[in-house]
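Everything below concerns the one structure shown next.
Just the heavy atoms: all of them, side chains too, but no hydrogens, waters or symmetry mates, feed the values below.
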Amino acid sequence: MEKGQFEESKKFNLADALDYISNTIVVKNIMVENNCVIQAFVFDYGKVQSYEKSPFSRFIYIIEGKAEVVINDNSTFMQKGDSILIPGHSTCSIEANHKFKMICTTIKD
């Protein structure tokens, strides 16, 4: 197992551990294993993360702020506390119409 940027078996406050950086998408690995990757993202206003068709499914949870998730050309507007499952083999993008923080869990089949 690869190490994430957070220490195992130690409590941490994810929202406090993530800072906004102007004109940037910040990514911190929480856990990286063979079939599962958990990452924390911080999107500044206007930034977009696009994914081509991937065989992997993703679970998105919005920690803070508001986001737009586009799956196969269908937009879903999300805010703090919202979650969405992105199915494998779909195109998607995550867009910051407002700055936001999220957790993304990628499940590799």
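Note: the hydrophobic cluster containing I107 does not contain V32 (ILVMFWY, side chain heavy atoms under 4.5 Å, direct or indirect links). No continuous path of ILVMFWY side-chain contacts below 4.5 Å connects I30 to I62, so the two sit in separate hydrophobic clusters. The hydrophobic cluster containing Y45 does not contain I21, counting ILVMFWY residues as joined when their side-chain heavy atoms lie under 4.5 angstrom apart, directly or transitively.
Taking OG from S90 and CZ from R58, the interatomic distance works out to 8.0 Å, rounded to the nearest 0.5 Å. Note that the NZ atom of K53 and the SG atom of C92 stand 12.0 Å from one another [nearest 0.5 Å].
Not counting sequence neighbours, Y51 has no partner by the side-chain hydrogen bond (donor to acceptor under 3.5 Å, both in side chains) test. Not counting sequence neighbours, the partners of E68 by the side-chain contact (heavy atoms from CB on, under 4.5 Å) test are V70, S75, F77, E95, N97. The ring pair (Phe, Tyr, Trp, His ring centres under 6.0 Å) check on F12 picks up F6, with sequence neighbours excluded.
For the pair K47 and N23, the minimum side-chain heavy-atom distance is below 4.5 Å. Side-chain atoms of I38 and F59, non-hydrogen and from C-beta on, never get closer than 4.5 Å to each other. Side-chain atoms of S54 and H89, non-hydrogen and from C-beta on, never get closer than 4.5 Å to each other. Side-chain contact between M78 and I84 is present, with at least one heavy-atom pair separated by less than 4.5 Å. No side-chain heavy atom of S57 sits under 4.5 Å from any side-chain heavy atom of I86. Side chains of I63 and I103 form a contact here, defined as non-hydrogen atoms less than 4.5 Å apart. Proximity of M102 to F43: side-chain heavy atoms (C-beta onward) are separated by under 4.5 Å at one or more points.
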What do the steps show when you test F100 against K66 for side-chain contact (heavy atoms from CB on, under 4.5 Å), and what is the final call? CA-CA 6 Å; F100 70 95; K66 297 179 181 179; 5.7 Å; no
Could you walk me through whether C36 and M31 pass the side-chain contact (heavy atoms from CB on, under 4.5 Å) check? CA-CA 8 Å; C36 180; M31 185 180 79; 4.2 Å; yes
Could you check I94 against I60 for side-chain contact (heavy atoms from CB on, under 4.5 Å), going step by step and ending with a plain yes or no? CA-CA 10 Å; I94 301 168; I60 303 295; 3.9 Å; yes
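Remark: side-chain polar atoms of D82 are paired, donor with acceptor, to backbone N or O of Q79 under 3.5 angstrom. Of the possible donor and acceptor atoms, one in the side chain of N72 sits under 3.5 Å from a partner among the backbone N and O of T91. The backbone N or O of V42 sits nowhere less than 3.5 Å from a side-chain atom of K28 that would complete a donor-acceptor pair. The backbone N or O of Y20 sits nowhere less than 3.5 Å from a side-chain atom of K99 that would complete a donor-acceptor pair.
Here the closest non-hydrogen pair linking V37 and E33 is CG2-O, 4.4 Å. In terms of heavy atoms, V27 sits closest to F41 at CG2-CE2, 3.4 Å.
Counting non-hydrogen atoms of other residues, nucleotides and ligands closer than 6.0 Å to CG of N35 gives a total above 12. By the 6.0 Å contact criterion, CG on N34 is open, its count of non-hydrogen atoms from other residues, nucleotides or ligands being 12 or less.
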